[in-house]
Amino acid sequence: MELPSKYDPSTVEDKWYAYWIKNDFFHSEPNGKQPYTIVIPPPNVTGILHMGHVLNDTINDVLTRKARMDGKNACWVPGTDHASIATESKVVAMLKEKGITKDDISREEFLKYAWDWKEEHGNKILKQLRKMGASCDWERTKFTMDPDMTEAVINTFVYFYKKGFIYRGVRMVNWDPAGLTAVSDEEVVHKDTKSKFYHLRYYISDGQGHPTDKYIIVATTRPETIMADAAVSINPDDERYHWLRGKKVLIPLIDKEIPIIEDSYVEIGFGTGCLKVTPAHDVNDYEIGLRHNLPITDIIDDHGKLNDKARILVGEDRFVARKKIAVMLEESGNLEKVEDYISPVGYSERTNAVIEPKLSTQWFLKMEDLSKMALESVESGRVKFIPDKYINTYRHWMEDVHDWCISRQLWWGQRIPAYYLPDGKYVVEATKEEALAAAKEIDPSVSASDLKQDEDVLDTWFSSWLWPISVFDTNKAGHPDAVPNKDLSYYYPTNDLVTAPDILFFWVARMIMAGDEFMGKEPFSNVYLTGIVRDKSGRKMSKTLGNSPDPLDLISKYGADAVRIGMLLCSSAGNDIFYDESQIEQGRNFCNKIWNSFRLIKGWEIDEKSIQPDCSASAVKWFENKFSQVLESVEEDYSKFRISDALMSTYRLFRDDYCSWYLEIIKPEYGKGIDRKTYDSTIAFFENLLKMIHPVMPFITEELWHAMESREEGSTIMYQPFPKVENYDSGIISDFAKTEDIVNGIRSVRQQKNLSPKQPLSMIVKGSLPEGCFPVVAKLANVGKIEFSEKVGNAADVISFIAGTTEIFIPLSGLVDHDEEVAKIKDGLEYQKKFLASVRKKLANSSFVDHAPEAVVELERKKEADAVSRIDSYESQLKLLSEK
RNA sequence: GGGAGCAUAGCUCAGCUGGUUUAGAGCAUCUGCCCUACAAGCAGAGGGUCGGGGGUCCGAAUCCCUCUACUCCCACCA
């Protein structure tokens, strides 16, 4: 069978993925082996695969496949998140196209649409993950809104409520006027935004509600809220304004009388020193309002439009109103001036709408105790962050955490299990039946139809924080005393979590809290934080910028293995990834290299009569040792999550050591067969290399592993043991490095002198060669004749170089440029002299000799001796040349 | 405003406990090669005052201080 000269992933990948699925290779059940567990960061059910997922899930898959080959019972649990705001807004948009709004339909109808939509569009991302080769245990696929998962969430709510951790209260919350819901502090992104600073005249009232001719200037970025002002505040220490004490001012345009108050919150040096206090529309003003007992006038509705209480501009959107009121204020003479201004403005992470601080009744979870536990989990080292710099960020947050606003004014999600009695009292129970029983204790006359369930649903993260528990056992969350089921006892705690740092608080911290609370154990030991994938010029990849390639296109163009490698090559933990398609090309090229090396080996005929040549014997011996040496460092890299390093070492081992050196040495002459001994070693090496590469490149390695020989039905490389580090002799490795130096030196001479590789050379050696060196040099550098000599005859006709301390001379009669040689040798001499001087300076320093460890001093002495020897060589060569 | 991180070749990064490092890799660049595995390749070469300054030490890319640049996180300056 003739293999094509280029590897074609498209014919290979689907075949093997189907094979893996057919044989149930990804599925795990508890058994006597050591478990290795990863839960996927559940992507949004409506999401599609982007480069961030590719990075994240490739790492997840590499870790899973490596653990599997290490003999562990590996289980990677996949699933999706219902993502309440994101999904609901997609459904709302879909309905809008049909001319339907949420107001037109009931909650039940809406949810029906939502579920239909989820069935049709959801889980697409999970199918895409298969294209990447993800070895998820698909039988365990979970969705955060599966009925049993929802049950766990509700139980958790009831548990924390009864524990006294969940309360309901009126608070200033972050209102998202586009999503029409409150969002948590963590879902608000502050961005510096260009705005205007309006300086407004507030006239002093004459006491009868009429303006006097005196006024003060108040600076604000939100003139549309002046109708909601409850006071103007000055700092009590601000002498400029003491004359205002006890006075009242009039709100421009509506002439409403409001008091001057004094509060030290106001900064004397900022703005004009006069602050309009608008308790309904600003968090700080709300606090001031509480201190001074100010009335609250809420003039903005849920959609961000001015309401009746505004008295003017009723029904206008807040930003339109801002522009219009500026004109009105100018016309009325209340506008002193307008300045350009940049201020931080909060945006909703999901909808990008400007957040409106708004008073409303919401449910909160107390964070104080939970965050203390979660901080201790990390500080004690029971949970490690990779890289560990994120501990600082984490600590900072955990020490300054606010109660978690867990209610959302949405329909898509877990509905809060609070049931209201007609009198407004409420009970919290997991089911309506239990709620009724509890309600009857308050008021025996209550019937089921009197109970009204809370309209709100829970924050999405209130379900995903249970993920590492609930994917295995949906009964345990909310029931810390329950006996965990078989799966949970076996798989929990999971081992590693791979995720992006931007959800460290949203998700990672809260999973730790839930784990501590319900399991008494952290949900994972290591958190590997990947960077953000950016484009070449450093911009975050985003849909709106259009700079994010579709991973599926890349897979069909280059193959999944190439995409995986391309992403990993440039990704050290915690650093952002600068994505460039050329990295994937490099991955594709590597696939091709592996493919072609196999074609070479496959093409060899074994000649049973042929005995192993010396050069092959040394190559085999060397590669055995080299392989173990590299494997050892690869294992260390994996253990420290240095995946790109592990990959790079593997890449170089295969490309440079195996292909460029090893195969070139043992390659039989054209038309001749290969000896059995060398062939067997070569095949064994190749198989070990495939195993080593498999976690990062699952498809091509499976393909070639099967192509090597016919395997038993149902066998797979993915369950082959990862190669084990054997004892190796670093002397053999360093000897070979010297051999490489000599080969490189001769090749360099050929290059300089423009000599064809086909033209055999001879060499004269002054000094010693490592064992087995010459046969290798002879083959790779095409050296036909070797001679050992302390004296080199005709100095003018040789080109020389030094490998280690051995001098190599290549006789090239008629081709040697005398002056060039002299110059080259003088350069080398110069360099060695400088080097020697620096080493001698060190050795002459008695402090160094006295203080430095013996080994270090010994090393310097060796450097000195080598330098002396090289200088000696150069000088004798110069002498020979000058004699000419 | 507070905190953290980072700064090493054109680019992306290693360099772990200070001493085989007058600093390494991959990519890119340049030169020469279609040699019967691979031009998606082979062989060779060039490229760095380790951000600036100061300090500790026998010895600093590595530890300390300081300045500068960038990045991220947190934060209510209207």
Side-chain angles (χ1 to χ4, degrees), chain A residues 3 5-7 172 185 190 197 218-222 233 265-267 269-278 282-287 341 343-344 346 357 387 389-397 400 501-502 504-505 532 536 538 558 562 569-572 574-578 580 582-583 585-586 588-604 636 640 642 644-645 647-649 651-652 659-660 663-664 667 670-671 743-744 747-752 754 756-758 831 834-835 838-839 842 845-853 855-857 859-860 862-863:
Chain A
L3 291 167
S5 73
K6 289 191 169 40
Y7 168 63
M172 192 61 118
D185 291 344
H190 288 91
F197 212 21
V218 171
T220 180
T221 53
R222 299 202 60 190
S233 180
Y265 168 76
V266 181
E267 233 175 87
F270 189 82
T272 61
C274 296
L275 170 73
K276 72 195 250 330
V277 182
T278 319
D282 185 280
V283 183
N284 302 300
D285 291 10
Y286 176 67
E287 300 290 325
Y341 190 65
S343 61
K389 65 178 176 185
Y390 284 102
I391 293 179
N392 293 321
T393 327
Y394 181 83
R395 182 185 303 113
H396 191 67
W397 191 75
D400 186 35
D502 53 345
L504 192 59
F505 308 134
I532 295 163
K536 252 196 284 188
Y558 297 104
L569 273 174
C570 58
S571 61
S572 49
N575 288 337
D576 285 356
I577 313 304
F578 292 86
D580 185 342
S582 68
Q583 290 150 0
E585 268 178 54
Q586 195 187 343
R588 188 260 325 254
N589 295 352
F590 186 46
C591 288
N592 212 40
K593 186 77 186 169
I594 297 172
W595 180 256
N596 278 298
S597 64
F598 176 71
R599 282 177 68 217
L600 175 69
I601 301 166
K602 180 92 181 164
W604 289 336
E636 201 194 335
K640 291 179 178 164
R642 294 196 296 233
S644 62
D645 289 352
L647 173 58
M648 186 47 72
S649 306
Y651 176 85
R652 292 178 59 200
C659 294
S660 296
L663 290 181
E664 291 300 331
K667 201 188 235 178
Y670 183 65
V743 172
N744 288 338
R747 282 173 175 170
S748 183
V749 169
R750 281 187 194 277
Q751 174 94 0
Q752 283 162 31
N754 215 358
S756 156
K758 287 176 185 161
Y831 181 91
K834 262 188 174 168
F835 180 64
S838 81
V839 172
K842 231 182 205 183
N845 182 339
S846 61
S847 303
F848 171 72
V849 181
D850 295 345
H851 289 97
V856 174
V857 177
L859 198 67
E860 290 301 315
K862 170 106 173 43
K863 280 188 197 169

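Protein chains get the first letters and strands the later ones, always in sequence-line order, with residue 1 at the start of each.
- Listed by chain and number, the residues in a salt bridge (charged side-chain N to carboxylate O under 4.0 Å, His left out) with Lys640(A) are Glu636(A) (sequence neighbours excluded).
- Using a 30° and 60° split on the angle between ring planes, Phe270(A) and Tyr341(A) fall in the perpendicular class, above 60°.
- With sequence neighbours left out, the ring pair (Phe, Tyr, Trp, His ring centres under 6.0 Å) criterion links Tyr651(A) to Phe590(A).
- Contacts of Trp604(A) classified as ring pair (Phe, Tyr, Trp, His ring centres under 6.0 Å), with partners at least two apart in sequence or in another chain: none.
- In terms of the side chain to side chain donor-acceptor pair (under 3.5 Å) criterion, Gln583(A) has no residue partners (sequence neighbours excluded).
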For RNA chain B, the dot-bracket notation using Watson-Crick and G-U wobble pairs below 3.5 Å, [ ] for pseudoknot-type crossings and | for other-strand pairs, is (((((.(..((((.....[....)))).(((((.......))))).....(((((..]....)))))).)))))....
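- Among residues two or more places apart in sequence or in another chain, the ring pair (Phe, Tyr, Trp, His ring centres under 6.0 Å) test is passed with Phe505(A) by Trp397(A).
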Short heteroatom pairs, N/O only, protein and nucleotides 21-25 of chain B, under 3.5 Å:
none

Heteroatom pairs (N/O) under 3.5 angstrom, protein to nucleotides 68-72 of chain B:
none

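- Taking Glu664(A) as the reference, Lys667(A) meet the side chain to side chain donor-acceptor pair (under 3.5 Å) condition, with sequence neighbours excluded.
- The base of rC76(B) is paired with the side chain of Asn284(A) by a donor and an acceptor separated by under 3.5 Å.
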Once base and sugar-phosphate atoms are separated, protein heavy atoms under 4.0 Å mark nucleotides 3-8 of chain B, 5' to 3', with B, S and - as -SS---
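- As judged by a 4.0 angstrom heavy-atom cut-off over every strand, Pro853(A) is placed among the base-contacting residues.
- Under the ring pair (Phe, Tyr, Trp, His ring centres under 6.0 Å) criterion, Phe598(A) pairs with Phe686(A), not counting sequence neighbours.
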For this session: Give the intermediate values and the outcome of side chain to side chain contact (heavy atoms under 4.5 Å, CB included) for residues Glu585(A) and Tyr558(A).
Result: CA-CA 7 Å; Glu585(A) 268 178 54; Tyr558(A) 297 104; 3.6 Å; yes
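- The base of rC76(B) sits within donor-acceptor range of the side chain of Tyr265(A), with an N or O pair under 3.5 Å.
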In B/S/- notation (B base, S sugar-phosphate only, - none; protein heavy atoms under 4.0 Å), nucleotides 39-48 of chain B written 5' to 3' is -BSSBS----
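- Annotation: rC35(B) and rG19(B) have their P atoms spaced 48 Å apart (nearest Å).
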